[in-house]
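Below is one structure, written out as structure tokens; comments come after it.
All chains are named by letter (A, B, ...) in the order of the sequence lines, taking the proteins before the strands, and each is independently numbered beginning at 1.
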Amino acid sequence: MTTENSTPAAAPVNKHFVRQIIESDLAAGRNGGRVVTRFPPEPNGYLHIGHAKAICIDFGMAQEYGGRCHLRMDDTNPAKEEMEYINAIQTDVRWLGFDWGRHFYHASDYFDAMYAFAEKLIERGQAYVCAVSQDDWKDYRGVPTRPGKESPWRNRPATESLDLFRRMKTGEFKEGELCLRAKIDMASPNIHLRDPVIYRILHAEHPHTGNKWCVYPMYDFAHPLEDAFEGVTHSLCSIEFEVHRPLYDWVIQNLLAIRAAEPAVAGWFVHDHPQYDGPQQNEFARLDLTYTVMSKRKLLELVEAGLVSGWDDPRMPTLCGLRRRGYTPAAIRTFVETVGVTKFNSLTEVALLEHCIREDLNRSALRRMAVLRPLKVTIENVENLPATIEAQNNPEDPAAGTRQVPFSRELLIEAEDFMEVPPPKYFRLTPGGSVRLRGAGFLTCTRVEKDSAGKVSNIICKWSPPTTELKVKATIHWVSAPHAKPVTVRLYDRLFTVPEPDGQEQDFKTFLNPHSLEQLTAYVEPAVAAAQPGEGFQFERVAYFVADALDSQPGAPVFNRTVTLKDTWAKVEKPKK
RNA sequence: UGCCGGAUGGUGUAACGGUAGCACAACAGAUUCUGAAUCUGUUUGUCUAGGUUCAAAUCCUAGUCCGGCAACCA
């Protein structure tokens, strides 16, 4: 049985712990058997491959279990967030292949309800306005091994806190002068429960609410509320939030208690449901990749220092960078599923990502010929040379058809495909030797011409038609010199020279790969010059390339190398150098 | 030194008391009009020490190591 005909066994789904949790919740009838998730990026940077993992999990779980996933901008800190990012995030999530339908939200949509909830907590004696300065609070908070001590304002009357909180809101105080704290437990072994700040004063213009507010909720307070208001059932996040979960639960419990006591509070919920038990936070490990950095701060540093051309530099692990590099959404999704979901802090080899994109592109990419470093070949027997040859567009997919490629007596071949003094096991063209020309018969080298520097400048060959019975061990690619079009190609490589540029003694930037970008002029078969931006090819025997979406001009594409083909010969040769 | 997590080949993951499996990587071979792809095979693993059990990666105890937590960031 051939592979083609064999029934593709249903892809074995990895029942990772998140799937297990959801399935057991479903079985238990929690939340009426519904699944609602959310992807909540902070719009303070571009999305990267690490976010792709979260996106695939958040949207993927909703999809798999018949639920929905919200896209929500977690914009509770106006000092750091910008519209530019809000737009880019939507583009990237869509590109990855996910759809939030009408469920696009901002944390700031709920500022009124959050504020109202904060007042309720004050009224109930569960929050108070505190005047201890940020600096002094270090003393009050204590250290993990020792309990903290209570703020002098902890037991001020609720009416006083309420009055101050309202005046905070109207802008009567400076930043840092006052804050609102949840009254929980100054002796808790969990620092996050030692009367955490839930509202702070920020006199900043917000990208969405403008100047309406000058008090803004903290993440730990806002996030559970956002989830609850939207009817989220599974709030999936990364493991650094594990220690925040008790606070998350504290907020949710109080919210549900207040809702039960005061029917009007139901109005805060934009997606209420009679069978809603509240959201539950579960944490999984972030994705980390070798030969790159993944923190927004470090990526921003590379951008601002001009070490890359921007967030969308094809060497960046950002989704917009990967897109420009020629990565496909499908390859990234496969990659994320292959990596799996656990609570273990792992470091995934970039080789796996590269395998995923090769696998995808091998199936789909049209084949073309391009010579990166040309060497001239002149055919001496000019009789009966074909004017064109027919070449398959994709040997992996006969439906992709064929094309005509011009042929002539002057060809360009890859410089490395000829060696005057070949090492053992070298299968390509050598003096007196023969090779097959991809789709176009054979070449036998009769002599070489050299320039004044003694460098081989022209290889004189005899051409034989495809029907010739010639035993050769290699096939090389070529283009017809008079027909070839010059195009710019950019050969991208790994951004860093070491697997873990983070966490070294020296600054991560000292490990930048000086050869991560090499630009040169390649010669391509005529059809390639008409490539549209975003169109990709496999240049046979070389690599997968994509016409850059930004720098390509009509008739003058600029090609980015997505990923090389595997090259066992290079591996044999390299150790010898 | 407090709290919360975690530990399975080089890497990532599966096995939920019953044959340690899969993918990537590496290596070897077959095949090939891409030294690609494809196919076959090989190497390499349950953190340690005790215990429970007919049987332990899995359960228990103790330890070791790793990650996270002491922003008015998210």
Open item on the list: Determine whether H477(A) and F539(A) satisfy the following criterion, side-chain contact (heavy atoms from CB on, under 4.5 Å), listing intermediate values before the conclusion.
Closed with: CA-CA 9 Å; H477(A) 60 280; F539(A) 291 161; over 6 Å; no

Open item on the list: Between R436(A) and P41(A), which residue's closest nucleotide on RNA chain B lies nearer the 5′ terminus?
Closed with: R436(A)

- [ ] Measure the shortest side-chain to side-chain distance between T290(A) and L347(A) over non-hydrogen atoms and say whether it is less than 4.5 angstrom.
- [x] yes

- [ ] With heavy atoms under 4.0 Å as the rule, sort F241(A) into base, sugar-phosphate or nothing.
- [x] base

Open item on the list: Please determine whether side-chain contact (heavy atoms from CB on, under 4.5 Å) holds for the pair R38(A) and D227(A), giving the CA-CA distance in whole Å, both sets of side-chain angles, and the decisive distance to 0.1 Å.
Closed with: CA-CA 8 Å; R38(A) 98 272 93 110; D227(A) 286 341; 3.0 Å; yes

Task: Q538(A) CD to G35(B) P, straight-line distance once rounded to whole Å - done: 10 Å

Task: Watson-Crick and G-U pairing of RNA chain B, under 3.5 Å, as dot-bracket with | and [ ] - done: .((((((..((((....[..)))).(((((.......)))))....(((((..]....))))))))))).....

TODO: Using only side-chain N and O atoms of T145(A), determine if any of them is under 4.0 Å from OP1 or OP2 of C3(B).
DONE: no

Polar atoms only, N or O, under 3.5 Å: list the protein pairs with nucleotides 69-73 of chain B and their distances.
{"residue": "C69(B)", "atom": "O2'", "partner": "H192(A)", "partner atom": "NE2", "Å": "2.7"}
{"residue": "A70(B)", "atom": "O3'", "partner": "R141(A)", "partner atom": "NH1", "Å": "3.1"}
{"residue": "A70(B)", "atom": "O2'", "partner": "R141(A)", "partner atom": "NE", "Å": "2.0"}
{"residue": "A70(B)", "atom": "O2'", "partner": "R141(A)", "partner atom": "NH1", "Å": "3.3"}
{"residue": "A70(B)", "atom": "O2'", "partner": "R141(A)", "partner atom": "NH2", "Å": "2.7"}
{"residue": "A71(B)", "atom": "OP2", "partner": "R141(A)", "partner atom": "NH1", "Å": "2.8"}
{"residue": "A71(B)", "atom": "OP2", "partner": "R141(A)", "partner atom": "NH2", "Å": "3.2"}
{"residue": "C72(B)", "atom": "O2'", "partner": "Q134(A)", "partner atom": "NE2", "Å": "3.4"}
{"residue": "C72(B)", "atom": "N4", "partner": "V132(A)", "partner atom": "O", "Å": "3.1"}
{"residue": "C72(B)", "atom": "N4", "partner": "G176(A)", "partner atom": "O", "Å": "3.1"}
{"residue": "C73(B)", "atom": "OP2", "partner": "R200(A)", "partner atom": "NE", "Å": "2.9"}
{"residue": "C73(B)", "atom": "OP2", "partner": "R200(A)", "partner atom": "NH2", "Å": "2.9"}
{"residue": "C73(B)", "atom": "O3'", "partner": "R200(A)", "partner atom": "NH2", "Å": "3.1"}
{"residue": "C73(B)", "atom": "O2'", "partner": "N77(A)", "partner atom": "ND2", "Å": "3.1"}
{"residue": "C73(B)", "atom": "O2'", "partner": "K80(A)", "partner atom": "NZ", "Å": "3.0"}

Task: Whole-Å gap separating C1' (C3(B)) and CD1 (I184(A)) - done: 15 Å

Open item on the list: Using O4'-C1'-N9-C4 for purines and O4'-C1'-N1-C2 for pyrimidines, with syn meaning within 90° of 0, is A28(B) syn or anti?
Closed with: anti

Open item on the list: Nearest 0.5 angstrom please: D195(A) CG to D185(A) CG, how far?
Closed with: 8.0 Å

TODO: Working to the nearest 0.5 Å, report the span between CD of E230(A) and OG of S235(A).
DONE: 10.0 Å

- [ ] Taking H203(A) for its side chain and F173(A) for its backbone only, find out whether a donor-acceptor pair lies under 3.5 Å.
- [x] yes

Task: Where protein sits on nucleotides 9-28 of chain B, one letter per nucleotide: B base, S sugar-phosphate only, - none, heavy atoms under 4.0 Å - done: -BSSSS-B-------SSSS-

TODO: Fit a plane to each ring of H244(A) and F241(A), take the angle between them on a 0 to 90° scale, and name the class: parallel (under 30°), tilted (30 to 60°) or perpendicular (over 60°).
DONE: perpendicular

TODO: Give the rounded distance in Å between these two atoms: CD1 of I86(A) and P of A74(B).
DONE: 15 Å

Task: E175(A) and R200(A): CA distance, side-chain angles, deciding distance, salt bridge (Lys or Arg N to Asp or Glu O under 4.0 Å) verdict - done: CA-CA 8 Å; E175(A) 288 187 12; R200(A) 81 286 215 188; over 6 Å; no

Task: Pair E42(A)-N44(A), side-chain donor/acceptor within less than 3.5 Å - done: yes

Open item on the list: I'd like to know if the side chain of N393(A) pairs up with that of R368(A) as donor and acceptor (distance under 3.5 Å, no hydrogens or angles considered).
Closed with: yes

Open item on the list: Does the structure place the NZ or CZ of R181(A) under 6.0 Å from the centre of the six-membered ring of Y128(A), at an angle of no more than 45° from the ring's axis?
Closed with: no

Open item on the list: Suppose we call a contact any N or O donor and acceptor under 3.5 Å apart; does that hold for the side chain of R541(A) and the base of G35(B)?
Closed with: no

